[in-house]
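Written out below as C-alpha cells is the structure these notes cover.
Owing to the predicted nature of the structure, the values given are computational and were not obtained by experimental measurement. Order of the sequence lines sets the chain letters (A, B, ...), proteins ahead of strands, with each chain counted from 1.
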Amino acid sequence: MQSVVARSMIALTSMAAIFGAILAVASRIFVVHRDPRVEQVLDLLPGANCGACGFPGCQGLAEAMVKGDAPPNACPPGGAEAAAAIADMLGGEAGEMVRKIAVVHCNGGLSNSVQRLEYEGIEDCRAAMLVGGSPKSCIFGCLGLGTCRLVCPFDAVELDEEGLVHIDRVKCTGCGNCVEACPVNIIDLVPEDVKVHIKCSSHDKGAAAKKVCEVACIACQLCVKKCPQGAISMDDNLAVLDHSKCTNCGICAAVCPTHTIVDGVKARPKAVIGGGCDGIGKCKEVCPVKAIEGEPGERHEIVREKCIGCGLCMEACPNKAINMVGALGHQRGRE
Amino acid sequence: MKAMGELVKGIYKENPVFRLALGLCPALAVSTSVENGLGMGAAATFVLLGSNIVVSLLRKVIPSKVRIPCFIVVIASFVTIVELVMAAYLPELAKSLGIFIPLIVVNCIILGRAEAFASKHGMGRAMLDGIGMGIGFTFALVLIGGIREVMGDGKLFGFMVFGPRFQPVLLMILAPGAFITMGLLMGYFNLLDEKLRKRAEARKAGEGGR
Amino acid sequence: MGNFLRLVGTLAAIALVASFGLSAVYNATHEIAEEYKRQEEAQARTEVLACEPTAHFVETLTDSVVSGKKFAYYAAYASEESDEVLGYTFKAYGKGYSSTIETIVGVDATGTICATETIFQQETPGLGAKVVEVASKNTLWDVLAGRAEDETGTEPWFEVQFDGGVLADLHVVKSESADGILAITGATISSDAVTNSIRDGLAMLLSIVGIEGAPGESSGAPADPPPGGTGAGEDS
Amino acid sequence: MRERLIVSASPHIREDVSVQKIMYGVVIALVPAIVGSVYFYGYRALYLTVLAVVAALVTEAIIQKARGVPVAIRDGSALVTGILLAFNLPPGVPWWIPVIGSIFAIAIGKQVFGGLGYNPLNPALVGRAFLLASWPVHMTTTWLPARGGTLSGTALHGIDAVTQATPLAVLKKVSEIIADPSSTTHQVVQAREALADLGSADTIVNLFIGRVGGCIGETSVLLLLVGAVYLMYRHWIDVRIPASYLLTVAVLAWVFGGPSGFFTGNALFHVLSGGLILGAFFMATDMVTSPVTPRGVIIFGVGCGVLTTIIRLIGGYPEGVSYSILLMNVATPLIDRHTRPKKFGEVKSSG
Amino acid sequence: MHPPTSKEQSKDVGITEATLPERVVIPLRQALGAPAEPTVKVGDEVRLGQKIGEANGFVSVPVHASIAGKVAAVGRFPHPLGGEQEAIVIEGDGSEAWDDSVRPRDNVDALTSDEIKSIVLEAGIVGLGGAAFPTHVKLSPPESKPIDTAILNGAECEPWLTADHRLMLESPAEILEGFSLIMRALGCERGIVGIEANKLDAVETVRKALPGGSKIRVAALQVKYPQGAEKQLIGALLGRQVPCGGLPMDVGVVVQNVGTALAVHDACRLGRPLVRRVVTLTGNPMSRPTNFMVRIGTLVSSLVDEAGGLDGDVAKVVSGGPMMGMTQFTLDVPVIKGMSGILFLGPDEIDVGEPDPCIRCGHCVHSCPMKLLPTTIEKYVMAGQIESAVDAGLNDCIECGSCSYVCPSRRRLIHYFKFGKYLAWERKKAAREKAEKEKKGQ
Amino acid sequence: MDYGQLFAVVIGAIFISNFVLMRFLGLCPFVGVSKDSDSALGMGMAVIFVMTMASLVTWFVYNYVLVPLEITYLRTIAFILVIATLVQFVEMVIEKTSPALHKSLGIYLPLITTNCAVLGVAVVNVNEFMVTELPRNASFIFTVVHGLAAGIGFTLALILMAAIRERLDLGEVPESMRGIPITFIVAGLMAIAFMGFAGLKVG
Ligand SMILES: Cc1cc2nc3c(=O)[nH]c(=O)nc-3n(C[C@H](O)[C@H](O)[C@H](O)COP(=O)(O)O)c2cc1C
Ligand SMILES: Cc1cc2nc3c(=O)[nH]c(=O)nc-3n(C[C@H](O)[C@H](O)[C@H](O)COP(=O)(O)O)c2cc1C
Ligand SMILES: Cc1cc2nc3c(=O)[nH]c(=O)nc-3n(C[C@H](O)[C@H](O)[C@H](O)COP(=O)(O)O)c2cc1C
Ligand SMILES: Cc1cc2nc3c(=O)[nH]c(=O)nc-3n(C[C@H](O)[C@H](O)[C@H](O)CO)c2cc1C
Ligand code: SF4
Ligand code: SF4
Ligand code: SF4
Ligand code: SF4
Ligand code: FES
C-alpha cells in the first residue's frame, strides 16, 4: 500500500469493478425491452416529418414499420432507395415504387388571365377562399398565393411573378402535401416519366373559358383526336390525360390551339428517312404535324423544324426506312 | 484524398463548435484570448487523438452495456495526463485554463467522437478524425479568442493592437461577450453557407440548363 | 454469469491499465510540478525582498492572533548563521471575484513593504486579472516591425503601488487624486481582495514579530482605515 | 365604383391609430424631459441625445437594407430607442458612448431578432447595460451637477467619501459606512447627517424638480410625469405597470430601506430618485418587451419593483432600474405563458 | 370598444317596399347547415311563397319562391358568402298572388309549442341577426336543457346598420307577438327585449306596444361593441356566462333577432314563409341611404339602382356591417335571408396596405369581449401551430372584429382566426377520416 | 453552521454566478434542450436531481477514498466514473419503476452524463468546500446545497430560455440566425441582465 502506483491501481480498479458490477446487476434487474431497430429505421428515413405516410412523423412511421404495421415503402419522399434499405434491414420486400411528381394544372398567369377582385389578406390560397374566393375570374384556376409552396416540406415549389407555381421536378418527392392543401384541387401526382401535361382545370364552356384566360382549354377536342394512343378524353369541357397511356410524343401539345398543353420534353429525336424509302407515303399520312414532304414514289424528306419526334412515321413505314435519331430513350414504354 | 477529407472536414464543414454545437463550454469559457484558445485546443486535440485511438482499438472488446463508462475512463485518463503534464511543464497555462482542463472529460466533442466515430472505424481513420476535429476545435477557439481579445482587451497574443488610447470593450471579455460573439459567428457561417450553396446551385443550373 | 464477469472485467481491466499509466505519469510529473511551485515561491520571496539581496529564509509557523489559524511567514536572515533579521515575507490570501488571490509580500525590518508579487489568481481576464498586468507601450505592430522596447523586468503597475507602503497606506481608492492604492477600473473587488489581504497579513506579522507601532491590539482587522484616522502605522 | 373591388376579411373599418402615431406620441411625451435636460445640463445633453438618435436610425436603416426588408425607420421606434438610450447616460460621457450604445442597442438588441416587435429585451436598456459593462468608468463617474442644484441634491456636510456622486450613490455609500462595524463614530455621525439630508424635504423637492445629478433624462420627475400623463391619457401605456412598479418599490423601500430597522425607510426618496420614474413610465412600459396579459403586467411591475429594491439596497450598483427591467424582460415570455386570462365563460376544471 | 356608430344616415329613413324584382336568384344554401334540395326544375311555373327547395336534414331549412314566375335556371351563381353556390333563378311574371299553401291562421293563440316549431320549419325561417342559423333548431333544445328566458336581440350594435332599429319602430306589435310565440315554443316564462341605449325611441316604442300583463320586459343596454353578440348580451342582461364552447341554452337562454320574431309572426299569423327581409343600404358613397323591405333573391345591383345609385368612389362593398360583414366583388349577388345590410365604403374609409409587425401593445387583449389573447392566437396560426392556437382559445373567438379594429399595426387578426379555424377543422376532419379508415381496416 | 453563508452559496449559485450564464457550464444541453418549455422543465428537473446526487456521492468518494489514499490527482477520473454510473443507474431504475416519470424525465438522463455542469459542480465543490478549512459536516452540507442550487440555477436559465425561444419561433428571426445562433445572442443578453445581480451582498 505504499506506492502511489499501487494505491491508485487498487482504488481505481476496485471502484471500476464495483460500479461495473452495480450496472451489470442493475441492468439485469431493471431490464426493459426496447427495440433498437426503431432507431435504425429512423436513421434511414429522410426525417422531414412531412406526414405523407399518414403516421405521426418519421418516428411514428419507424415504429409502425418495425411492428410491421407499415410496409417498407410507406415513405414516399424516401423513395425506392430508403425502401430498399429499410426492407433490407427489417428483412422484407421493398415493394415497387413508382416515383410520382406533383403537377399543377393551371397556366393562367397574371398577364394571360383576367382578375376579378383585389385581394387583401393572408398570402395563402385557402385563406383567400375563406373571404371571397379566387381573385381570378376563372374560378377553377390557380390563385397564385402559394399555399402549395408553404406546405411543401421539400422546398420544391416556386412562385413566379406571374402568380404561377412551378414544381421543381428534382426536389419534389411526391409526398402529396400540396395536393391536399390546394383549395381548388388543381395539383395532381403524376408518374415521373410523364412529361406532357394539360395545364388547365376549367370546366367552363370554351367561349367562357377563353374569355377569362388565354391559355384555357376550350374543349376543341383536337388533342383527343390527334393523340395516337387515345390517352386524352373530354370530361365536362376539359381535356384529361390518362397517364398510363401517354408516351410523351408531344403531338397534343403541338396541336393545341391555346397552348394549354405543355410539353416538358427537352429534346426529341428527329425522324430520318433512309435509303429504303420507296415513296409509298404512309409516313406522310400519319404525320400529325405535316413534317414530311415528298412526291409519291420518290424518296420522302423530313422537315426537321417541324418534326416533333413522335415516331409515328417510323411505326407506319412498311419498309422500316425511317429511324429516330438523337435523344433516344426519352419515350416511355419503348425499349 | 480521403484522408485529407477526414482531416479538413472538422475545420469548416463539420466544425465541432460552429456546426455540431459541441464542446461549447470550453469554447466560450477559455476563449478570452488567443493564447488560452491555443492551449485548450492543443489539450483537447491531444485527448481526442488519444481517446480516438484507444477507443477504436478497443472497440471490439468492449461490451455495449459498459461502453460509456469504459470510454469515459479512457478519456478521463488522457485528461488526467494532460492535467499532470501541464501542471509540471506549463504551469502558467494550467492556471489560466483552470477547471476547464478536468472538464475536457465531459467535453461533448470527445465522447461524441468516441461514440459516433472511433467506435465504428479503424485506428487510422479514427486518428485522422481526432486530429481533424481537434484542429477544428482549436480553430474555433482561436477565432473566438482572437475576436474577444482584440475587442475586449485591445490585444492579440498579449500585445497591444491599437495603441494605448483604445478603450477596450470590456463586455467582450465578460460572459455576455462570449455568447454574443459565438452567436454572431454562427450566424455568419450560416450566411456564408447559404451563399456557397447558392453559388453551387447557380453553377449547376448554368451547366445543366433547366 | 459469464456475461456479468465480462462486463465487470472489461471495465476493471481498463481502469487497471488506466490507473497504472496515470500513476506512472503522476510519479514522473508531480515532483516537477511541486518543485516548480517551491521554486516559484522561493524566487518570489527573493524578489519581494530584493531590497535585501543576501537574505536567507527560515520559515516560522505561528498561530495567528486574529483567527487562531496558522499563520506562516519567513524571516530573512543576513546569512545562514546570522541572527540579524533583514525582513520577512508572507503569503496573503484574498477572496477575489472568482478565485482566491495569492500574493507574496516582502517586508523589511521596519515594517515597510519592500515589494509584492501576486503568484496566483484566476480573476476575469481584462478586469480582475489586471492585478498582474504589465502596462506595456508596445503594440503588436511594434513587435512585428521589430521596434518593440525591451520591457523585461517591468512590474505590474498595480503591484508597484505597494512598494514602500506601510500599513496605513493600504486601502483602496478610486481616483488618482486620493491617497492609497488606486483600484483597477471595474475590478474593485479584486483590488480590495489584494489590498485587504496584504493589509491583514501585514498587521498580523507586525503584531507577531512585535515591530514597533504595530497595532498590537488589532483585533478585528480594520476593514477600512480612515485616512488620517486612528493612526495605525507611522507615516514614513 | 371601381372595376375591381377590394376583398378582405372583416373588420372593414379601423380605429385611427398606428404604430407610428404611438411612437411619435412617446417622443412628444419625452419632449418636456429633453427640454429639461438642456436646461439642467446645457446643450451637451441635446448633443448626446441627437447623436444617439442618429446612430440608432442609421444602424436600423443599414441593417434593414442588408436584410433585404423595407427600411422602416419612419415608424419611430428607433427614434424612441435612441432618445431613451441617451436619457440613460450620464451627461458627461464622451461622444462615442451614445453612438456605440445605439449601434449595439439596435443591432444586437433589436434587429437580430427581426426588428420591431420581436426583440425580447428592451433595446435601449440592452444598450445601456452594454455600455455600463464595457466602460464602467465613463458610465459611473461623468456626472454633472444640475443647474440650480448640486450633484447629490443635498448640501452634504463634508462627508468626503462621497463627493462625486448622485443621491443614490450617496445613499449606498453612507449605508455602507453605517453598516460597517469598523467605521469610526465620527464617520457614522457624518453619514447619519448625510442620510438625514437625503431624506429632507429640500432634497425631495430637488429630486422632484430635477436639481440633482443623474442621467440625462432621468432627473426631473416633474417633466417626466407631464409626458407620462399624456401617454396615459392616450391609453398608450398600460398604467398598471408603473403603478405596480412604483407601489412595490415604495412599500419595500419603506419596510426594508431604513437605516434603523424595519418600517423606517424613506419611500418617497426611493420613488423619486434615480431612474425609477423614467424606467417605470417609459421603459418598463415598452409594450414589445412586457407581458400582454392583465395579470402578467402586474407580476411584471411587482417583479421590477422587487428587483430594483434588492439591487438598490443590497446589490452591487447604486441603481437597479435598468437591470431589473431587463431581468423581467427575460421572464416576460414565461409570465405570458403562465398568466393566460380566463376566457369568457371558461370554467377551470381545477375550480 | 366604441367604434363610431355612423347610423345617422339611415336611421330616420322609413322602411320602403322595394319594387318587385323581375328576376330573383335564390341560393339553396342560405347559411349554416346543409343546402336545400331543389324541388323544381327549369321551366316550372312557381307561385309566390311556393316551396322550391326542401330541407335536407335537421339543420337545414326549405326555401320558397319570393316572386311568382318561371324557373329560368338552376345552377351556380355568385353568393354573398363567397364563391359560387347552387341557386334557383326565377323570372317573375309580375303577379303578387300567394301560393295556395299560404293561408292566414286565426287560431294563433291556440298553437302549441310543437305546432309553432313545425310552422317555423316549414316557413324556412332562419335567424335574421346574421348567422342565419335555422330557428326551429334553436327552438327545440334537448329536454336536459330547459329554457327559462328568451331574449329578443334588438341591440344592433354593428355600426351603420339600422334595419332592426326601423323594424322595431315600425312593427313593434308584430315583433312582440312573434316573440311571444317564440317564448311559447320554448315554454319559457321570461322574455327580455334588449335594445342599445342609442335607440331610445325604439325602447319607448316597443315598451308602449307591450300588451298589459305581458311577461316581457324591455331593457336599454349600454352602448358598446359587441353588445349584440349573444354571449355578451346574455351576460349584460342576466349576468350569466355561456360556458366556452357552449351554447346559450346551456344557461337556459335562447336569443333571437327582432327580424326573426317578425318572420315567426308572419309565418304563424299570416301563414307566409320567409320570402322577404329588411336590408339597410348605406355608406357614404350612397346617394340615398335606404332601409328596404326586400324579396329574398333580389340582386343587390337592382336595389342600388332603386336607391338612386352611387355617387362616390367605392372601394369595398360589404354584406352586413363593417365589423363582421363579408366583402363582395360584384353587386350581382342576391339578397339572402341573413343579409341585414349592404354597406359601401370609399377608399379613404378603409385601410389598405401591408400590416406592421405586432408590437404586443395588448390593445387587442383589452378589447376582446371573450377575454382571449388575439395576438398570441394569431402568432400561433401564422406559425402553423394550430393545436396551440386552439388551446389558447381560437375556437372561442366570435370574430367580432374588435381586436383588429383597435390594432395599431392593423394586423389581419380576424382573417387569421378564420383561417385557423378552417385549418383546425380540416385537421379534425382528417383525423376523423383516419380513425374511421382504421376502424374499417380492422 | 453559518446559515447566512449557506444562503449566500444558494443565491450565488442561482443568480450571481449562474452556472450557465456566468460560468459557462452545461451549455450543450442548454442550447439543445431549450427549444420548448416542457422538455426544458423535464431536463431541468433531471439536472437538479443528478447534480445534487453527484455532489453527495463525490463528496464521499473524495473524502473517504481519494484523500485518505492521497490520490486526489485521480479525482477527475473517479468523479466521472461515479457520475456516469449514477446517471445510468438512476435511468434504469426510473425506467423500470415509473415509466411515466421516465417519459417526462428519464429521456434526458443520458444527456446528462456528458453535461459538463455535473462534473463541473463536483470540481467546483472540491475547490470551494473541500480543500478549504471548512469543518467536515459543514463542507458536506455546503457541497450538497451547492449542488442543488447550481441545478436550480441551471433550470432557471433553461426555462427562461425555453419560453423566450418559443416566442422567437413565432417571430421573424432572420434565417441565418435561427436556432442556435439566436439562442446564443439571447443567452448573451440574459447574461447582461444577470449582471445586475453582481455584487449582491447576502448572508
Ligand atoms: C462577469 C463579471 C466578472 C467580473 N470580474 C471581476 C473581477 O475579476 N474582479 C473584480 O474586482 N470585479 C469583478 N466583477 C465585478 C464588477 O466589475 C464590479 O461591479 C466592480 O468590481 C465594481 O467596481 P467599480 O466601482 O470600479 O465599477 C465582475 C463582474 C462581472 C459581471
Ligand atoms: C431606467 C434607468 C435605469 C438605471 N439603472 C441603473 C442600474 O441598474 N445601475 C446603475 O448603476 N445605474 C443605473 N441608472 C443610473 C442611475 O440612475 C444613476 O445615474 C447612477 O446610479 C449614478 O450613480 P453612481 O455614480 O454611483 O454609479 C439607471 C438609470 C435609469 C434612467
Ligand atoms: C359580434 C357579434 C355581434 C352581433 N350583433 C348582433 C346584433 O347587434 N343584433 C343581433 O340581432 N344579433 C347580433 N349578433 C348575432 C347574435 O349573436 C345572435 O346570433 C342572434 O341575436 C341570434 O338571433 P337569430 O338567430 O334570430 O339571428 C351578433 C353576433 C356577434 C358574434
Ligand atoms: C410606451 C413605449 C415605451 C417604449 N420604451 C422603449 C424603451 O424603453 N426602449 C426602447 O428601446 N424602445 C422603447 N420603445 C420603442 C419600441 O417599442 C422599441 O424600440 C421596441 O422594443 C423595438 O422592437 C417604446 C415604445 C413605446 C410605445
Ligand atoms: S395551392 Fe393551388 S391555387 Fe394555391 S398556388 Fe398552389 S396550385 Fe395555385
Ligand atoms: S411539390 Fe407537392 S408533392 Fe412534391 S414534394 Fe412538394 S408538397 Fe410534396
Ligand atoms: S393590438 Fe395589434 S399590435 Fe397590439 S398586441 Fe394586438 S395584434 Fe399586436
Ligand atoms: S374577434 Fe375574436 S379574438 Fe378578436 S376581439 Fe373578437 S372574440 Fe376576441
Ligand atoms: S461542453 Fe459543456 S455541456 Fe458540452
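- For chain F, the nearby part of D:Leu121 is the side chain; its heavy atoms alone come within less than 4.5 Å.
- By the salt bridge (charged side-chain N to carboxylate O under 4.0 Å, His left out) test, D:Asp75 is found to be paired with no residue, residues two or more places apart in sequence or in another chain being considered.
- When heavy atoms are compared at a cutoff of 4.5 Å, D:Leu307 approaches chain F solely by way of its side chain, counted from C-beta outward.
- If you tally non-hydrogen atom pairs under 4.5 Å between each of F:Glu166, F:Arg165, F:Glu172 and chain D, the highest count goes to F:Glu172.
- With values rounded to the nearest 0.5 angstrom, F:Ile11 atom CD1 is found 8.0 Å from D:Ile310 atom CD1.
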Next item on the list: Test F:Leu168 against D:Tyr118 for side-chain contact (heavy atoms from CB on, under 4.5 Å), laying out the working first.
Entry: CA-CA 7 Å; F:Leu168 291 179; D:Tyr118 301 112; 5.5 Å; no
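- In terms of non-hydrogen atom pairs under 4.5 Å with chain F, the most contact-rich of D:Val330, D:Asn329, D:Leu326, D:Thr332 is D:Val330.
- Rounded to the nearest 0.5 angstrom, D:Leu132 CG and F:Met195 CE are separated by 7.0 Å.
- The pair D:Arg337-F:Asp36 does not count as a salt bridge, with every side-chain nitrogen at least 4.0 angstrom from each carboxylate oxygen.
- Along residues 174-182 of chain F, the residues that come nearer than 4.5 angstrom to chain D, judged on non-hydrogen atoms, are F:Pro174, F:Met177, F:Ile182 in order of number.
- Between F:Ile164 and D:Pro333, the closest heavy-atom pair is CG1-CG, 3.6 Å.
- In terms of heavy-atom pairs under 4.5 angstrom with chain F, the leader among D:Val126, D:Val112, D:Asp336, D:Ile335 is D:Val112.
- The choice from F:Gly188, F:Ser37, F:Ala162, F:Gly171 that makes the most heavy-atom pairs within less than 4.5 Å of chain D is F:Ser37.
- For D:Asn119, the part lying near chain F is the backbone, with the side chain staying farther off; criterion is any non-hydrogen pair under 4.5 Å.
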Next item on the list: Evaluate side-chain contact (heavy atoms from CB on, under 4.5 Å) for D:Phe113 paired with F:Val186, printing each intermediate quantity in order.
Entry: CA-CA 9 Å; D:Phe113 297 102; F:Val186 175; 3.5 Å; yes
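- Interatomic distance, OG of D:Ser134 versus CD1 of F:Ile192, reported as 8.0 Å (0.5 Å rounding).
- When the ring-ring contact (aromatic ring centres under 6.0 Å, His included) test is applied to F:Phe15, the partners found at least two apart in sequence or on another chain are F:Phe197.
- Within residues 61-72 of chain D, the residues having any heavy atom under 4.5 Å from a heavy atom of chain F are, by residue number, D:Arg67.
- Rounding to the nearest 0.5 Å gives a distance of 11.5 Å between CG of D:Asn122 and CG of F:Leu189.
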